[in-house]
Amino acid sequence: MLHTATEVAPLPRSFFDRDPLVVAPALLGTVLRHELDGQVVAIRLTEVEAYLGEGEDPASHTHRGMRPRNKVMFGPPGHLYVYFTYGMHYCANLVCRPEGMSGGVLLRAGEVVTGLEVARSRRPASKRDIDLARGPARLASAMAFGREDDGRDVCSGTSLSLLPGKPVPRAKLRTGPRVGVSVGVESPWRYWIDGEPTVSVYRPAVARRRP
DNA sequence: GACGTGATTGTA
DNA sequence: ACAATCACGTCC
């Protein structure tokens, strides 16, 4: 111990064994750390979105029940749910609620606090460091998440873990409608830290090209 | 504002 | 089998 870096225990599984609407704001300011091939990138979460489960939330991937893709969301809490979308992007969620019940929190944006060089190399399109993990697919890319990371545990103190961070003052908490969802717009289940440059700009869902 | 890109899923 | 959709990012 002495003057070396103190080991920080990851957040316990009980942290995730709650309603996503409770877990989501509590995630702000925490730090997701991933070590891959000896390279560490850690991201302080600044923007997240809560998704409920079957029959509760039309915007949730689990709204219509368990499918091969979303089965991790029905598993035990404290695991990573990674999905592939738009033919090119990955996005990551943290699974909430007890096993058998679905729900999760989408990691929308964060600040790279460790491994800037590694994150830059994974995100060559980012001109500024604040863009490295600004947006869910960018965050996943900076963390090098892919299909193989679907279902990974973040509570066991392995190469992937969620660490406590400096608490966010309540006055800085903001909520609003989720981004990019066409249903469930009335539910203000997006949470972010006010004044953070890493928070993705809100763009209302726009209808895609029609034939 | 437009488009890439391919898995997933509901519908038939 | 088929076609629409998609919790997005990049460049114009």
Side-chain angles (χ1 to χ4, degrees), chain A residues 16 19-21 23-25 27-28 32 41 43 45-75 79-97 102-112 119-151 174-192 197-211:
Chain A
F16 299 97
D19 195 284
L21 297 179
V23 176
L27 279 171
L28 295 173
L32 186 65
V41 170
I43 291 180
L45 302 176
T46 56
E47 180 189 4
V48 299
E49 280 175 1
Y51 287 86
L52 300 192
E54 204 168 351
E56 301 172 307
D57 180 3
S60 173
H61 283 179
T62 64
H63 181 231
R64 294 170 192 264
M66 188 156 81
R67 299 287 183 279
R69 177 176 72 161
N70 64 24
K71 89 182 186 69
V72 167
M73 285 273 260
F74 289 85
H79 289 249
L80 200 66
Y81 164 52
V82 178
Y83 67 92
F84 182 66
T85 190
Y86 289 105
M88 54 192 110
H89 303 303
Y90 291 96
C91 297
N93 291 245
L94 291 170
V95 175
C96 302
R97 292 175 158 172
S102 70
V105 178
L106 173 70
L107 309 180
R108 280 205 61 88
E111 170 196 2
V112 176
R120 285 175 187 145
S121 71
R122 290 173 180 167
R123 296 247 341 110
S126 289
K127 295 192 168 56
R128 309 169 300 172
D129 288 342
I130 57 170
D131 293 327
L132 289 171
R134 189 172 72 140
R138 292 169 175 173
L139 187 152
S141 180
M143 291 297 251
F145 288 151
R147 305 187 86 75
E148 67 278 13
D149 298 301
D150 187 34
R174 294 288 181 278
T175 72
R178 293 172 294 185
V179 177
V181 310
S182 44
V183 287
V185 187
E186 68 283 358
S187 308
W189 294 342
R190 173 189 180 218
Y191 301 84
W192 69 95
T198 52
V199 173
S200 53
V201 293
Y202 175 68
R203 284 208 307 232
V206 48
R208 277 179 71 72
R209 180 174 65 84
R210 282 186 320 182

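Computed from a predicted structure; not experimentally measured. Order of the sequence lines sets the chain letters (A, B, ...), proteins ahead of strands, with each chain counted from 1.
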Side-chain heavy-atom pair A/M143, A/L80 within 4.5 angstrom cut-off:
no

Take the protein atom NZ of A/K71 and the nucleotide atom P of B/dT8, then report the distance between them rounded to whole Å.
13 Å

Atom pair distance, as rounded to whole Å: NE2 in A/H89 and C1' in C/dT10
8 Å

Should A/R147 be listed as having a side-chain N or O under 4.0 Å from OP1 or OP2 of B/dT8?
yes

Protein-nucleotides 1-3 of chain C N/O pairs closer than 3.5 Å?
none

Under 4.0 Å from OP1 or OP2 of C/dC6: is there any side-chain N or O of A/R69 that close?
no

Protein-nucleotides 10-12 of chain B N/O pairs closer than 3.5 Å?
| unit_1 | atom_1 | unit_2 | atom_2 | d |
| --- | --- | --- | --- | --- |
| B/dG10 | OP1 | A/R67 | NE | 3.4 |
| B/dG10 | OP1 | A/R67 | NH2 | 3.0 |
| B/dG10 | OP2 | A/R67 | NE | 3.2 |

Under 4.0 Å from any atom of DNA chain C, heavy atoms only: list the residues of residues 123-131 of chain A that qualify, in numerical order.
A/R123, A/A125

For A/N70, check side-chain hydrogen bond (donor to acceptor under 3.5 Å, both in side chains) against everything at least two apart and list the hits.
none

Among all residues two or more places apart in sequence or in another chain, which pass the side-chain contact (heavy atoms from CB on, under 4.5 Å) test with A/H89?
A/T85, A/Y86, A/A137

Would you call A/S126 and A/R120 a side-chain contact if the rule is heavy atoms closer than 4.5 Å?
no

Please report the distance, rounded to the nearest Å, between OH in A/Y83 and C1' in B/dT5.
15 Å

Rounded to whole Å, OH of A/Y81 lies from P of C/dC6 at a distance of 14 Å

Contacting residues from residues 48-55 of chain A, given that a heavy atom lies under 4.0 angstrom of DNA chain B:
none

Just by modelled atom types, is the A/A50 backbone N or O under 3.5 Å from a matching donor or acceptor in the A/R178 side chain?
yes

Measure from OH on A/Y86 to C1' on C/dA4 and round the result to the nearest Å.
12 Å

Take atom CE of A/M88 and atom P of C/dC11, then tell me their distance rounded to the nearest Å.
12 Å

In this structure, how many angstroms lie between the C1' atom of C/dA7 and the OH atom of A/Y90, rounded?
16 Å

Nearest heavy-atom contact between A/I43 and A/A133 is CD1-CB, 3.8 Å

Distance-minimising heavy-atom pair for A/L21 and A/D19
N-OD1, 2.8 Å

State which residues pass side-chain hydrogen bond (donor to acceptor under 3.5 Å, both in side chains) with A/R147; sequence neighbours excluded, sorted by chain then number.
none

Mind listing the closest non-hydrogen atom pair of A/A119 and A/L132 along with its distance?
O-CD2, 3.8 Å

Sequence neighbours excluded, which residues qualify as side-chain hydrogen bond (donor to acceptor under 3.5 Å, both in side chains) partners of A/D150?
none

Please enumerate all residues that pass side-chain contact (heavy atoms from CB on, under 4.5 Å) together with A/P188, with sequence neighbours excluded.
A/T175

Check A/Y81, A/Y51, A/Y83 against A/H61 for a side-chain hydrogen bond (donor to acceptor under 3.5 Å, both in side chains) and give me the one that passes.
A/Y81

A/D150 CG to C/dA7 P: how many Å, rounded?
15 Å

Looking only at C/dC8, B/dA7, B/dT9, the nucleotide nearest the A/P68 side chain is B/dT9

Pairing residues for A/S141 by the side-chain contact (heavy atoms from CB on, under 4.5 Å) criterion, not counting sequence neighbours:
A/R123

Could you tell me how the ring of A/F84 sits relative to the ring of A/Y90: parallel (under 30°), tilted (30 to 60°) or perpendicular (over 60°)?
tilted

Would the distance check show the side chain of A/E49 and the main-chain N or O of A/V179 forming a donor-acceptor pair, the cut-off being under 3.5 Å?
yes

Using side-chain hydrogen bond (donor to acceptor under 3.5 Å, both in side chains) as the criterion, list what pairs up with A/S60, not counting sequence neighbours.
A/T62

If you write DNA chain B from 5' to 3' in dot-bracket form, with Watson-Crick or G-U pairs under 3.5 Å, [ ] for crossing pairs and | for pairs with another strand, what do you get?
||||.||||||.

